[in-house]
Chemist: 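To start, I am sharing the structure in question, which I have written as structure tokens.
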2 protein chains.
Amino acid sequence: MTTLSEVARLAGVTSATVSNVLRQRGKVGEQTRQRVLDAVAQLGYRPHLTARALAEGRAPTLALVVSSIANPFYPEFALAAERAARDHGRFLIVCNTNDDPDIGRAYLDQIAGTLSDGVLIMNANLPMDELRKTEQRGAPVVLCMWEKPDAPPELPCIAVDFHEAGAIAARHLLGLGHQCFAALVGSKKSGIHAERYRGFASACAQAGHKHPLQRTRYINDTVEAGYRATMELLKEHPQVTAIFASNDLPALGAMNAIADLGLNVPRDISVTGITDIQWARVSRPALTTVAVPTEEAARMSIDLLLALIERRSPSPVMRVTATPQLVERASTAAPRKRKG
Amino acid sequence: MTTLSEVARLAGVTSATVSNVLRQRGKVGEQTRQRVLDAVAQLGYRPHLTARALAEGRAPTLALVVSSIANPFYPEFALAAERAARDHGRFLIVCNTNDDPDIGRAYLDQIAGTLSDGVLIMNANLPMDELRKTEQRGAPVVLCMWEKPDAPPELPCIAVDFHEAGAIAARHLLGLGHQCFAALVGSKKSGIHAERYRGFASACAQAGHKHPLQRTRYINDTVEAGYRATMELLKEHPQVTAIFASNDLPALGAMNAIADLGLNVPRDISVTGITDIQWARVSRPALTTVAVPTEEAARMSIDLLLALIERRSPSPVMRVTATPQLVERASTAAPRKRKG
DNA sequence: CTGAAAGCGCTAACAA
DNA sequence: TTGTTAGCGCTTTCAG
């Protein structure tokens, strides 16, 4: 590793001057500047980011805490976030908690403020006061996908109107003429997907339909869980003509279950998801879903986090992304008359 | 941020002692140890990882360079790698190059050796000499998925026998009675998937079949490219009964194309992939593929990288993972007689 | 416009 | 067993 002072020696100046040249501080004569630049090139000098961070009192990394980067939604988010971070000269450390609060806590304790300047939290199953604690210790925190614009948390966040997303799905199904729904809600009743279901239910109610409470299943956010729940649901309620899933993974599972039951999507049963992950486009039939502005949310999250770090923004802020949009593909159609 | 010396002051000792206590160096009296520990707890002290890194002359982070974390294969790898890194007290910075060598180079120049102690390279389209350069600058590099155990590169690597993977797919198809193949090879002729195709072709040759060269397409590693290539291929060569794809994504695209042509997988045409990504299990029909030991490769990559960093291993080493395994699902079956 | 010097928070000899 | 003292490589006042 060539160091600043080696460059300085070669250029016949002091390291402070080299530093000034490199940081474009101006206040350096053109000739010295050139000499320094030559020395830098000749030695192949690269600034030592760790040393710089210590001296500046700020780290060049940001942490992204997710439950599992292997969940198909996160990579798209992470890609955009990393891109945005890089555009601002920052690097991204990914932290998988596997939904274990202890792991999340350990990550925060270790790196927040000591290795990373700030933290992005993506549904990582961490208690709010834990987050507030790390914020108070000086490392800004932003919640990347807050689901309820109506009830902002006491932490900075990027909110997506998932209530509306649910409602959009419902209105789409209603518009097609469906009347008998089943709902698959990812994660437990009070959990992160509850708002999507509420949006769905209230749009149904508005259209004069009673809530399909007895045809609702609270399940894990996986293909398998969607599959199993659909199997049960359709056995108990064969009159169902449309399935609302609060996320794409269970929706995909539902489609597989329906196929295995010898039924056809969308002829016999329509299925909708929320998010629009990559698989949604690839599956057969392609999944009709409500797309969430993932990239925008990622960029906004990074922007907000940086603003917080640089104290350009007051701490409790919420920024809302564009509204989710229906992506109509092949898994939904008008219900067909069936023997009842 | 509470610092070491604040803790020291409260405990009535010097910061060196606190450091010793925290690093379990022994050589500290039991009472002082307790006093120090109390002070640490009382102040909520957390070591400043950046400062520690600078003092120790080693960084706690490792860099994972991939072309895009959004490619469905990488997240599974990244998850396992991050897990392994964490088990060794290391953090993982993900770097997406978007297959742009300039971005990759920029990453290496910036963080290798200055922020990260070592680098994991995952098909990132970086020239070998670039990598050798960063290695020579003192930051070990490991290639995470070298495709040819026969021809080790001059850099440390974890090799997977993709030649055999291709052969396994071929033998499976051959065993089913197929004779007329088409092949979809991800990336250009000389590219990363060439070895898989060679394995496939040589297994065919061994079974007395001539290479299906005129029925081979070199395409991008995407669902869409697989779809388009299959459409063309089947129009030109309707007699094909099986498609070998060098990766799962094109295989999935092939299945969709076949369906859109009004044909059935596997009744009319069988399809095989390589890797066994998550989608392979979810697609309908579920994809028969040759599973690659992703987690093992990730763990081995981390282990090797750490060994290199700690100079426990000579630099040009290659370690080979377990052999890929056939995962027989629903996309392959015996060919059926068709009018010729 | 350039240099000298202090210090970021921690570790690691070496002394005491 | 504990303290003293140098740094790690860089940035940043503050003088010159």
Side-chain angles (χ1 to χ4, degrees), chain A residues 1-37 39-40 43-61 89 110-117 137-139, chain B residues 1-37 39-40 43-61 89 110-117 137-139:
Chain A
M1 277 287 316
T2 35
T3 70
L4 251 202
S5 56
E6 299 182 55
V7 175
R9 191 167 343 122
L10 180 60
V13 294
T14 187
S15 58
T17 303
V18 180
S19 178
N20 278 330
V21 171
L22 262 24
R23 328 214 68 230
Q24 328 247 38
R25 279 274 181 286
K27 55 167 124 180
V28 177
E30 185 49 29
Q31 324 180 38
T32 4
R33 213 180 75 87
Q34 266 314 325
R35 253 185 308 139
V36 168
L37 257 20
V40 164
L43 262 32
Y45 169 80
R46 301 174 304 141
H48 193 290
L49 265 29
T50 301
R52 176 176 284 180
L54 184 59
E56 283 184 323
R58 56 167 231 153
T61 69
Q110 288 186 86
I111 73 184
T114 80
L115 184 62
S116 286
D117 258 9
R137 292 199 288 220
Chain B
M1 277 288 314
T2 37
T3 71
L4 252 202
S5 56
E6 300 183 55
V7 175
R9 193 170 339 123
L10 179 59
V13 295
T14 188
S15 58
T17 303
V18 179
S19 179
N20 279 330
V21 170
L22 261 25
R23 327 212 69 231
Q24 330 247 40
R25 278 273 180 290
K27 54 167 128 183
V28 176
E30 184 50 29
Q31 323 180 37
T32 5
R33 215 180 73 87
Q34 266 316 327
R35 253 185 308 137
V36 168
L37 257 21
V40 164
L43 262 32
Y45 169 81
R46 300 175 304 141
H48 193 290
L49 265 28
T50 301
R52 176 177 284 180
L54 185 59
E56 283 184 324
R58 57 168 233 153
T61 69
Q110 290 185 87
I111 73 183
T114 80
L115 185 60
S116 286
D117 259 8
R137 290 200 288 220

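Labels below follow one simple rule: chain letters A, B, ... track the order of the sequence lines, proteins then strands, and each chain is numbered from 1.
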Chemist: For Leu54(B) and dG7(D), give me the distance from atom CG to atom C1', rounded to whole Å.
Modeler: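 In whole Å, dG7(D) C1' and Leu54(B) CG are 9 Å from each other.
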Chemist: Using whole Å, report how far CG of Leu22(A) lies from P of dG9(D).
Modeler: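 After rounding, the reported distance stands at 16 Å.
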Chemist: To the nearest 0.5 Å, tell me how far Leu54(A) CG sits from His48(A) NE2.
Modeler: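 It comes to 10.5 Å.
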Chemist: Give one of base, sugar-phosphate or nothing for Thr3(A), where a contact means two heavy atoms less than 4.0 Å apart.
Modeler: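 If one applies the 4.0 Å heavy-atom cut-off, Thr3(A) turns out to touch the sugar-phosphate alone, with no base involved.
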Chemist: Identify, between Arg33(A) and Ser15(A), the residue whose nearest nucleotide on DNA chain C lies closer to the 5' end.
Modeler: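 First, find each residue's nearest nucleotide; the 5'-ward one identifies Arg33(A).
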Chemist: Remember a base hit wins even if backbone is also touched, and classify Thr32(B) as base, sugar-phosphate or nothing at under 4.0 Å, heavy atoms.
Modeler: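 Thr32(B): backbone/sugar contact only, no base atoms under 4.0 Å.
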Chemist: OP1 or OP2 of dG3(D) sitting under 4.0 Å from any side-chain N/O of Thr17(B)?
Modeler: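 Result: yes.
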Chemist: Could you pull out the closest heavy-atom pair between Gln110(B) and Leu49(A), with the gap in Å?
Modeler: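 What the structure gives for the nearest pair is O-CD2, 3.3 Å.
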Chemist: For the pair made of CZ in Arg9(A) and C1' in dA4(C), what is the distance, rounded to whole Å?
Modeler: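 The answer, rounded to whole Å, is 17 Å.
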Chemist: If we count only N and O atoms by modelled type, under 3.5 Å, do the side chains of Ser5(A) and Ser15(A) hold a donor and an acceptor together?
Modeler: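 There is no such pair between these side chains.
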Chemist: Report the nucleotide, chosen from dA4(C), dC10(D), dG7(D), that has the shortest atom-to-atom distance to any side-chain atom of Tyr45(A).
Modeler: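 Between dA4(C), dC10(D), dG7(D), the one nearest the side chain of Tyr45(A) would be dC10(D).
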Chemist: Which part of the nucleic acid, if any, lies within contact of Gly29(A), taking any heavy atom under 4.0 Å across all strands shown: a base, the sugar-phosphate backbone alone, or nothing?
Modeler: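 Touches sugar-phosphate only.
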Chemist: With nearest nucleotides of DNA chain D determined for Gln31(B) and Ala55(B) from heavy-atom distances, which residue corresponds to the more 5′ nucleotide?
Modeler: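 The residue whose closest nucleotide sits nearer the 5' end is Gln31(B).
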Chemist: Let me know the distance between CZ of Arg23(A) and P of dC10(D), rounded to the nearest Å.
Modeler: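 Between P of dC10(D) and CZ of Arg23(A): 11 Å.
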Chemist: Nearest whole Å is fine: how far is dC10(D) C1' from Gln110(B) CD?
Modeler: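 Nearest whole value for this atom pair: 16 Å.
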Chemist: Figure out the CG/P separation between Leu4(B) and dG9(C), and round it to whole Å.
Modeler: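 Taking CG of Leu4(B) and P of dG9(C), I get 10 Å after rounding.
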Chemist: Could you tell me if Thr50(B) and Thr50(A) have a donor-acceptor pair between their side chains, going purely by distance under 3.5 Å?
Modeler: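 Checked: Thr50(A)/Thr50(B) side chains show no N/O donor-acceptor pair below 3.5 Å.
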Chemist: Could you tell me whether Arg35(B) and Glu30(B) make a salt bridge, using a distance below 4.0 angstrom between a side-chain N and a carboxylate O?
Modeler: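 A salt bridge is absent here (no side-chain N lies under 4.0 Å from a carboxylate O).
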Chemist: dT11(D) phosphate, OP1 or OP2: any side-chain N/O from Ser19(A) under 4.0 angstrom?
Modeler: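 So the side-chain polar atoms of Ser19(A) do come within 4.0 Å of the phosphate oxygens OP1 or OP2 of dT11(D), strictly under.
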Chemist: Take atom CZ of Arg52(B) and atom C1' of dG9(C), then tell me their distance rounded to the nearest Å.
Modeler: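 Whole-Å distance recorded here is 11 Å.
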Chemist: Quick one: Asn20(B) CG to dT11(C) C1', roughly how many Å, whole number?
Modeler: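 Distance check: Asn20(B) CG to dT11(C) C1' gives 9 Å.
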